[in-house]
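Have a look at the structure below, then the notes.
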Amino acid sequence: QVQLVESGGGLVQAGDSLRLSCAASGRSFSNYNMGWFRQAPGKEREFVAHITRSTDTTYYADSVKGRFTISRDNAKNTVYLQMNSLIPEDTAIYYCAARWGVRVPTAVSADYWGRGTQVTVSS
């Protein structure tokens, strides 16, 4: 079993940076593929980025590519999302997710979800 707790959200201005953290508890954290997702008001939850369990392969949504960086520190059981050059369109609740095995989490399929952290970007 894995519990995920996000932190690091807040209110910032356009152009600023934030680093989100997702702290995981449980065994074999390094065997989980991890992802970040977000849900803006009036919209469905959407994919932001993921990082795999073994090779640390990363993938990003086009909307954040070049601005966001996902990383993980298995020794700390933590996944990060470094967000640079934030724009108002990034405003959303950000969730981390974990998925065991060979599959990566998606917006509609994951083994574990955090409760989310609010990111608000003002213009």
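This one's a predicted model, so the numbers in the text were calculated from it and none came from an experiment.
M34 approaches I70 most closely through the heavy-atom pair O-CD1, 4.2 Å. A110 approaches P105 most closely through the heavy-atom pair CB-CB, 3.8 Å. For the pair L4 and A98, the tightest heavy-atom approach, listed with the atom from each and the gap, is CD1-N, 3.8 Å.
Grouping the Ile, Leu, Val, Met, Phe, Trp and Tyr side chains by contacts below 4.5 angstrom, directly or via other members, places V121 with V64.
No side-chain donor from either of D73 and T78 sits under 3.5 Å from a side-chain acceptor of the other.
A heavy-atom distance below 4.5 Å is found between the side chains of V48 and L81. Looking only at side-chain heavy atoms (C-beta outward), F29 and V2 stay at 4.5 Å or farther from each other. Side chains of V119 and L18 form a contact here, defined as non-hydrogen atoms less than 4.5 Å apart. F68 is listed as a side-chain neighbour of D90, based on a closest heavy-atom distance under 4.5 Å. At least one side-chain heavy atom of Q82 sits under 4.5 Å from a side-chain heavy atom of S17. Counting heavy atoms from C-beta outward, W36 and E6 have side chains that approach closer than 4.5 Å. Using a 4.5 Å cut-off on side-chain heavy atoms (C-beta onward), R72 and D56 make contact. Within the 4.5 Å cutoff, the side chain of I87 has heavy atoms near those of the R67 side chain.
Salt-bridge check for E46 with R38: passed, with a basic side-chain N closer than 4.0 Å to an acidic carboxylate O.
Less than 6.0 angstrom separates the ring centroid of W113 from the ring centroid of F37.
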Apply side-chain hydrogen bond (donor to acceptor under 3.5 Å, both in side chains) to S109 and T106, showing your working. CA-CA 5 Å; S109 182; T106 73; 4.7 Å; no
Before you tell me yes or no, could you show the steps for V104 and R53 under side-chain contact (heavy atoms from CB on, under 4.5 Å), namely the whole-Å CA-CA distance, both residues' side-chain angles and the distance that decides it to 0.1 Å? CA-CA 9 Å; V104 294; R53 61 183 172 87; over 6 Å; no
Is there a side-chain contact (heavy atoms from CB on, under 4.5 Å) between S28 and W100? Walk through the geometry before answering. CA-CA 9 Å; S28 301; W100 175 267; 3.9 Å; yes
In sequence, state the C-alpha distance, the side-chain angles, and the governing distance for Q39 and Y94, and then conclude on side-chain hydrogen bond (donor to acceptor under 3.5 Å, both in side chains). CA-CA 7 Å; Q39 187 168 21; Y94 283 72; over 6 Å; no
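A cation-pi arrangement is present between R45 and Y95 under the rule of less than 6.0 angstrom and at most 45 degrees off the ring axis.
Considering OG of S54 and CG of N33, their distance stands at 7.5 Å, rounded to 0.5 Å. Annotation: the span from Y32 atom OH to N74 atom CG amounts to 13.0 Å, rounded to 0.5 Å. Atom OG in S25 sits 10.0 Å away from atom CD in Q1 (nearest 0.5 Å). Atoms OG1 and CD1, from T117 and I93 in turn, are 9.0 Å apart once rounded to the nearest 0.5 Å.
For Q13, the CD atom sits in a loose shell: 12 or fewer heavy atoms of surrounding residues, nucleotides or ligands are nearer than 6.0 Å. Open room surrounds NZ on K43; 12 or fewer heavy atoms of other groups in view lie less than 6.0 Å from it.
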